[in-house]
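Working notes, structure below.
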Amino acid sequence: MESSGGSEFDYLFKLLMIGDSGVGKSSLLLSFTSDTFEDLSPTIGVDFKVKHVTIGGKKLKLAIWDTAGQERFRTLTSSYYRGAQGIIMVYDVTRRETFTNLSDIWAKEIDLYSTNQDCIKMLVGNKVDKESERVVTKKEGIDFAREYGCLFIECSAKTRVNVEHCFEELVLKILDTPSLTAEGSTTVKKSNIFNQKPPVSDASTSGCC
Ligand SMILES: Nc1nc2c(ncn2[C@@H]2O[C@H](COP(=O)(O)OP(=O)(O)OP(=O)(O)O)[C@@H](O)[C@H]2O)c(=O)[nH]1
Ligand SMILES: [Mg+2]
């Protein structure tokens, strides 16, 4: 049943970008939302962008939260996992430690702070334009994604190769997951993007003050 008033989108999805500092999270987001690439400064705390897209025949409003990779912001950024339907884990194919930190740090952060059990994870190997400097093979990325149950893609924020594809794949999988799109789930349908109430089922883990 269509609601009256001509709604501007069918679903609002909250997506989160995480990973070490310098892997290119903000660059990927800029590449996706503005078709541009420029030399960015490290993110301070958390940044946020909105993009309207039509994917899988649905009008979607994507609220994409871009977190700082620097450790000093970790406490702050941890609160942004709540309610995300999709989490994009980024590493730099030319820096091995950004890949090993996925299991040492980032996968653990997701386990600790994500509130959507069915939340879709996407592993992204960025900077494939620097092929001669590559140290993490595509197979290693595929194997990690398989082990952790993530989608996987390699891309470049600089050349824009696979950037749109990355977000599309993630969103298609979210659309394909009933618990993430059902009424009454944490998906906030046709409502305020800042409305980030935790799911009811999570009440046991949220303390009161
Ligand atoms: N060659 C190349 N450089 C890139 C690419 N993506 C990002 N960079 C560069 O990598 C550096 C870091 O990019 P950012 O987007 O700021 O990285 P970040 O992950 O947002 O870092 P934090 O905000 O500190 O967590 C910048 O100098 C970018 O220009 C890419 O695909 N290819
Ligand atoms: Mg950044």
Worksheet item: With under 30° as parallel and over 60° as perpendicular, where do the rings of Y81 and Y113 fit, or are they tilted in between?
Response: tilted

Worksheet item: Looking only at atom types and distance, does a side-chain atom of Q85 sit under 3.5 Å from a main-chain N or O of K14, one as donor and one as acceptor?
Response: yes

Worksheet item: With a 4.5 Å heavy-atom cut-off, do Y91 and L123 have their side chains touching?
Response: yes

Discussion item. I'd like to know if the side chain of D92 pairs up with that of T98 as donor and acceptor (distance under 3.5 Å, no hydrogens or angles considered).
Written reply: no

Fill in: Heavy-atom neighbours of R146 CZ exceed 12 at 6.0 Å
no

Worksheet item: Can you say whether the rings of F32 and F167 are parallel (under 30°), tilted (30 to 60°) or perpendicular (over 60°)?
Response: parallel

Worksheet item: Taking atom types as modelled and ignoring hydrogens, do the side chains of D20 and W106 form a donor-acceptor contact shorter than 3.5 angstrom?
Response: yes

Discussion item. Can you confirm whether C166 sits close enough to M122 that some side-chain heavy atom of one is under 4.5 Å from a side-chain heavy atom of the other?
Written reply: yes

Worksheet item: Are the side chain of S156 and the backbone of T159 linked by a donor-acceptor contact shorter than 3.5 Å?
Response: yes

Item to complete: Give a yes or no on whether a salt bridge exists between E140 and R96, defined as a side-chain N under 4.0 angstrom from a carboxylate O.
Response: yes

Discussion item. I'd like to know if D143 pairs up with K139 as an ion pair, taking the criterion as any Lys NZ or Arg NE/NH1/NH2 lying under 4.0 Å from an Asp or Glu carboxylate oxygen.
Written reply: yes

Discussion item. Pair E154, R134 - check salt bridge (charged side-chain N to carboxylate O under 4.0 Å, His left out), show working.
Written reply: CA-CA 12 Å; E154 285 192 338; R134 178 197 279 271; 2.9 Å; yes

Discussion item. Tell me whether T94 contacts the main-chain N or O of E133 through its side chain, where contact means a donor paired with an acceptor under 3.5 Å.
Written reply: no

Practice prompt. Indicate yes or no for a side-chain donor-acceptor contact from D10 to the backbone of K59 under 3.5 Å, with no hydrogens or angles considered.
Written response: yes

Worksheet item: Should the heavy atoms of other residues, nucleotides or ligands under 6.0 Å from NZ of K51 be counted, would the total exceed 12?
Response: yes

Worksheet item: Can you find a heavy atom in the side chain of I18 that is under 4.5 Å from one in the side chain of T77?
Response: no

Worksheet entry | Close side-chain approach of S26 and D47, heavy atoms under 4.5 Å | no

Practice prompt. Report yes or no: do R160 and S31 form a side-chain donor-acceptor pair below 3.5 Å?
Written response: yes

Worksheet item: Can you check whether I87 reaches L15 side chain to side chain, under 4.5 Å on heavy atoms?
Response: no

Worksheet entry | Residue pair S179 / D118, side-chain donor-acceptor N/O under 3.5 Å | yes

Worksheet item: Taking C-beta and beyond as the side chain, do L60 and L175 meet within less than 4.5 Å on heavy atoms?
Response: yes

Worksheet item: Looking at side-chain heavy atoms only, is the closest gap between V46 and L76 below 4.5 Å?
Response: yes

Worksheet item: Side chain of K25, backbone of G19: donor and acceptor closer than 3.5 Å?
Response: yes

Worksheet item: Is there a donor-acceptor pair closer than 3.5 Å between any side-chain N or O of K158 and the backbone N or O of V128?
Response: no

